[in-house]
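Since the structure comes first, as structure tokens, the remarks are kept for the end.
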Amino acid sequence: MTYNFKNIEKKWQKRWLEAKAFKADDKSKKPKFYQLETFPYPSAEGLHVGHPKGYIAEDVHARYMRMKGREVLYSIGWDAFGLPTENYAIKVGKNPKEVAAANIKNFKRQVQMFGLSYDWEREINTSDPEYYKWTQWLFIQLYKKGLAYRAKAKVNWCPSDMTVLANEQVVQKDGKNVCERCKSEVVQKDMEQWFLKITDYAERLLSDLKNLDWPEATIKRQKDWIGKSEGALLKFSLVKVPGQPDRKHSVEVFTTRPDTLFGATFLVVSPELAQKWIDVGWQTSEEVREYIRKSLGKKELDRLENQKDKTGVFTGVYAVNPGNKEEIPVWLSDYVLGSYGTGAIMAVPGHDERDFEFAKKFELPIKMVICPHYPAKTCPVLDEAYPGEGHLVDSGKFDGVDSEKARWEITKEMEGEKKVQYKIRDWSVSRQRYWGVPIPMTHCVKCGIQPVAEKDLPVVLPDLEDYRPKGKPPLAGSKEFIKTKCPKCGGEAEREPETLDTFVDSSWYYLRYTDPKNTAEIFDKKKVNHWMPVNLYVIGAEHTVLHLLYSRFITKFLHDEGHLNFEEPFLKLRHVGLIRGSDGQKMSKSRGNVVNPDTLIEEFGADAFRVYEMFMGPFEDGQPWDPQGVIGTERFLERARKLFEKGVAEGEAEKKFNSLVHKTIKKVGEDISGLGFNTAISALMILLNDAEKQEKLPKTFCETFLKLLHPFAPHMTQELWEGLGNKDYITFAEWPEFDSKLIKDEFFNLVIQVNGRVRDTVEVGAGISAAEAEKLALGREKVLAYLKGAKPKKVIFVPGRLINLVI
RNA sequence: GCCGAGGUGGUGAAAUGGCAGACACGCCAGCUUUAGGAGCUGGUGCUCGCAAGGGCGUGCGGGUUCAAAUCCCGCCCUCGGCACCA
């Protein structure tokens, strides 16, 4: 009899689906457990073997949690809007809607063949008007609170495709930034854009990180991205501005080291700030204007390039250092950014590496004002900047003050103010593309920008004959779409033709799973607060910043609006390690190392595939795909299945074997909870190896074994479960309990060391005492040979493990 | 440059102070088979040795300890991220 996994897997998948076996019950009395995985972007290529690793892990965990008596919410949806689909549609000359539908169909077929235990009743799709109605609603709420606004900003512009590109769509080629699709060089352009004011939440996004069970590296990257710096704003009055009266003007700088003020030997302003000066009528040299023109024409990326080779020009303006009243020159350089701080800095070359390089290049004075060797009165100028802490020197009345203390003292004395700066910028959400959520706004000549009335949502994305990008949003070309009435005055108005960044769609999908069919509200408050927050989120490490930060922002916003009673959406987060091609490289079509799961499932079955992906190695590490690997787990399952052909025996299992069974129950449970799937499977293999040597296998063992294996190989274990005469689903059977008495060994192998080297082992009773062990060891022939008649100086006894005789 | 993760057999790995290499893949030998990309049994870190047995061994160098893959110090390499944020 051969095991027809194809039919059996299909049979159970069909039954599970029809019985709605994995429906998450809102009203269940059991404690809830919400598991989440990144909902897929349904691409035209379909899944490769790397994609399901995270899904399978979640499924194993979900099945385990159900058996442990939890009501598990575990669902799937489709992040269906966005550029890859749109670009693919353009390429094949089809409508993105059709392409997306076909892609979803294929993805659905693929995820279903893995036997994943989703609650399909909760399936969602971001391109469905029933879903994006609430994305639009969310945008309007943000707008009403002043958190969505329109402003001019630099965007990536592809002159050939005549469209704005997302940062992710700009790729590097021969040192240039080019359009991912047409490879023409991208330029930066100032355009009006919609922004979400995530910067308002910077402090909370930072401080709430401390309560999360997330990988440390991910927390750190979010912190770095938010980039908090505490410092001060200091004012420098300006003298000798050509064509301007003395000391009428001033410039403010942001610094994290006000304690180094007396070492500021020049100021540097950004090209953006210098341009502002010119705009208000200050006179400058042609050299300065040329420098501004050049650097403002550069893209930010290019400006960051030649870091080591600093450029700049003297502006002709001088400032007064408010500390020592010295007149210092004001320089212009693109190493100072217009978009951070005040766009101007005080340069302290003695204590800042960048200022040091600049001073060296333009032969500007370098002064040391922080000395690590107190009580030295002066400090020699070093051949590199000294950024550390110490005591102040050459700083007037602050001489000798501890640098950390001096920060605030100097700020106060100079009438500066404490200031906190963040690197994080507001979130640009406008896309001049077709395949996305229409931004629910109108432009009225009389009333200006007005949000669409909530009762008129959704603003449906219309079908367009020609949706290709042409330099302005494709929706702008549709007269029927654009023409509307102003929601405020009822007069003629135009709709906003831009669409939303797909990161907006995905910033709240996990909330919708809790109440996916609600047509009256974004979600029911009771339901969302019952299921949320997410107990376990498995997500790729590439999402450490954007999606996770946006989701946290939106959650906090909805909390502040009174819709949620929690502030953090994802309590525990783990990253899935990437499966690489068998060549060790990242899987990609261009490398030709992509492995398709369809053929593997066809050949080995979903169970063998699942077990292999979980057995490959530590879940959070990446491994190369081994084409031989599935054969190994297929063998394992086949041998397990054969075990059941022997039939079930009456009575008890042999004592030692039974002890192993209980150890395995403990280990598999602990390992699944800790996502240590590889070692859980290895424990099951060890158990099987031993079980095969047993004369008889009682029913209790058989059922236990199936339960332990079930999360990994759900189809086969369900089939065998039925074969044992069970009528119910094994999925809802109770996870076995281990007996801690049975786990304790009666005997163990005592390791005998001489000077830390293993010389002998002997089986002894578990309770052996130090004295007994020593006596035993000293009676062993092998041991005596190494002792050479010497008496041990020291004896170390580790109960249950070893004895070490030191001579 | 800075930050993070990591470096253990031919391969994926296990062991988080206590017998390094569990469990698998691959390979070798044998059995079985008309046949095998099937199954079963045994072997498989390197090295000396006919063997018994010994020596060496977790990127490199040092240290702590009765005992180190594991802890500490210094260095090298690989991968990932950030990159003039004052």
Side-chain angles (χ1 to χ4, degrees), chain A residues 215-218 220-221 223-225 227-229 231 253-257 260 264 268 270 300-301 303-308 310 333-337 339-348 351-355 357-358 387 421-425 541-542 544-545 575 577-578 580 582 584 586 611-612 615-618 620-633 635-636 638-639 642 676 678-689 692 749-761 782 785 792-807:
Chain A
E216 211 142 308
T218 304
K220 201 183 167 298
R221 276 167 67 182
K223 274 187 189 163
D224 290 349
W225 186 268
K228 181 180 181 175
S229 301
V253 303
F254 172 70
T255 177
T256 53
R257 294 294 301 268
T260 64
V268 188
S270 61
E300 220 166 299
L301 269 164
R303 251 172 90 167
L304 302 181
E305 250 170 34
N306 303 314
Q307 283 183 33
K308 288 287 148 194
K310 298 235 168 348
S333 173
D334 64 7
Y335 86 88
V336 174
L337 306 174
S339 51
Y340 183 80
T342 62
I345 61 153
M346 65 176 206
V348 186
H351 304 283
D352 182 280
E353 212 184 309
R354 297 148 301 179
D355 299 344
E357 279 162 29
F358 194 83
Q421 279 285 338
Y422 300 91
K423 284 189 210 173
I424 190 172
R425 311 283 166 84
E542 69 275 19
T544 50
V545 180
H575 295 304
L578 216 65
R580 299 184 300 272
S582 35
K586 195 174 164 177
V611 175
Y612 175 58
F615 183 61
M616 286 177 83
E620 293 183 76
D621 292 355
Q623 292 88 20
W625 182 259
D626 178 1
Q628 298 290 330
V630 193
I631 294 172
T633 53
R635 260 179 223 162
F636 163 65
E638 183 59 18
R639 279 169 43 212
K642 278 204 176 129
N678 56 329
T679 46
I681 291 166
S682 135
L684 287 167
M685 286 172 168
I686 292 168
L687 181 61
L688 175 66
N689 290 346
E692 282 174 333
N749 274 318
L750 178 74
V751 170
I752 305 170
Q753 297 181 334
V754 177
N755 283 342
R757 320 226 354 152
V758 180
R759 296 306 181 189
D760 202 2
T761 63
K782 281 184 192 168
K793 283 191 297 210
K794 198 173 174 183
V795 178
I796 285 118
F797 176 69
V798 184
R801 286 197 189 269
L802 60 80
I803 183 162
N804 187 10
L805 308 173
V806 185
I807 53 169

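What you see is a predicted model, and the numbers here were worked out from it, not measured in a lab. Below, all heavy atoms of this structure are taken into account, side chains as well, without hydrogens, waters or symmetry copies.
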Exercise for the section: Find the partner of B:U78: check Watson-Crick (N1-N3 plus N6-O4 or O6-N4) and G-U wobble (N1-O2, O6-N3) distances, both under 3.5 Å, and reply none if neither fits. Expected result: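 Its partner is B:A5 (Watson-Crick or G-U wobble, both distances under 3.5 Å).
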Problem - Base-pairing mate for B:G26 - Watson-Crick or G-U, with both contacts under 3.5 Å - result: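 Partner of B:G26: B:U44.
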For atom [atom1] of [X] and atom [atom2] of [N], their distance in whole Å:
X: A:Asp760; N: B:G18; atom1: CG; atom2: P; result: 21 Å
X: A:Glu216; N: B:C3; atom1: CD; atom2: P; result: 16 Å
X: A:Gln623; N: B:C23; atom1: CD; atom2: C1'; result: 14 Å
X: A:Asp621; N: B:G12; atom1: CG; atom2: C1'; result: 11 Å

Does a side-chain N or O from [X] land closer than 4.0 Å to OP1 or OP2 of [N], or not?
X: A:Asn689; N: B:A22; answer: no
X: A:Asn804; N: B:G18; answer: no
X: A:Gln628; N: B:G26; answer: yes
X: A:Ser682; N: B:A13; answer: no
X: A:Tyr335; N: B:A86; answer: no

Distance between the [atom1] atoms of [N] and [M], in whole angstroms?
N: B:G21; M: B:C46; atom1: C1'; answer: 13 Å
N: B:G12; M: B:A83; atom1: C1'; answer: 35 Å
N: B:A67; M: B:G74; atom1: P; answer: 23 Å
N: B:G62; M: B:U47; atom1: P; answer: 24 Å
N: B:G63; M: B:C2; atom1: P; answer: 28 Å
N: B:G53; M: B:C71; atom1: C1'; answer: 34 Å
N: B:U65; M: B:C72; atom1: P; answer: 16 Å
N: B:G57; M: B:G7; atom1: C1'; answer: 16 Å

Among [options], the nucleotide that comes nearest once only the side chain of [X] is considered:
X: A:Lys794; options: B:C66, B:C25, B:A86; answer: B:C66
X: A:Ser229; options: B:C56, B:A14, B:A86; answer: B:A86
X: A:Thr679; options: B:G55, B:A14, B:G18; answer: B:A14
X: A:Lys220; options: B:C19, B:C3, B:C84; answer: B:C3
X: A:Arg639; options: B:A86, B:C40, B:G18; answer: B:C40
X: A:Leu802; options: B:G18, B:C56, B:C84; answer: B:G18
X: A:Asp352; options: B:A20, B:A86, B:G18; answer: B:A86
X: A:Ile686; options: B:A22, B:C19, B:C66; answer: B:A22
X: A:Arg635; options: B:C66, B:C25, B:C84; answer: B:C25

Handout entry: Chi-angle category of B:G17 [syn within 90° of 0, anti beyond]
Key =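 Anti for B:G17; the angle lies over 90° from 0.
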Check whether any side-chain heavy atom of [X] sits under 4.5 Å from a side-chain heavy atom of [Y], and report yes or no.
X: A:Phe797; Y: A:Leu750; answer: yes
X: A:His575; Y: A:Thr544; answer: yes
X: A:Glu692; Y: A:Arg639; answer: yes

Practice task
For the pair A:Met685 and A:Phe615, evaluate side chain to side chain contact (heavy atoms under 4.5 Å, CB included) and give the outcome as yes or no after the intermediate values.
Solution key: CA-CA 11 Å; A:Met685 286 172 168; A:Phe615 183 61; 3.8 Å; yes
Practice task
Report the residue (A:Gly622 or A:Lys423) whose heavy-atom-nearest nucleotide on RNA chain B is the more 5′ of the two.
Solution key: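 With A:Gly622 and A:Lys423 compared, the 5'-side residue is A:Gly622.
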Exercise for the section: On RNA chain B, check which nucleotide each of A:Arg221 and A:Val806 is closest to and give me the residue with the more 5' one. Expected result: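 Nearest-nucleotide comparison on RNA chain B picks A:Val806.
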Practice task
May I have the step-by-step check of side chain to side chain contact (heavy atoms under 4.5 Å, CB included) for A:Trp625 and A:Tyr612, ending in yes or no?
Solution key: CA-CA 10 Å; A:Trp625 182 259; A:Tyr612 175 58; 3.7 Å; yes
Exercise for the section: Run through A:Thr255, A:Asp352, A:Val268, A:Asp355 and flag the one making a side chain to side chain contact (heavy atoms under 4.5 Å, CB included) with A:Met346. Expected result: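 Per the side chain to side chain contact (heavy atoms under 4.5 Å, CB included) rule, the option paired with A:Met346 is A:Thr255, out of A:Thr255, A:Asp352, A:Val268, A:Asp355.
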Practice task
Mind checking A:Gly629 for me? I need base, sugar-phosphate or nothing, with any heavy atom below 4.0 Å counting as a touch.
Solution key: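 The residue A:Gly629 makes no contact with any strand.
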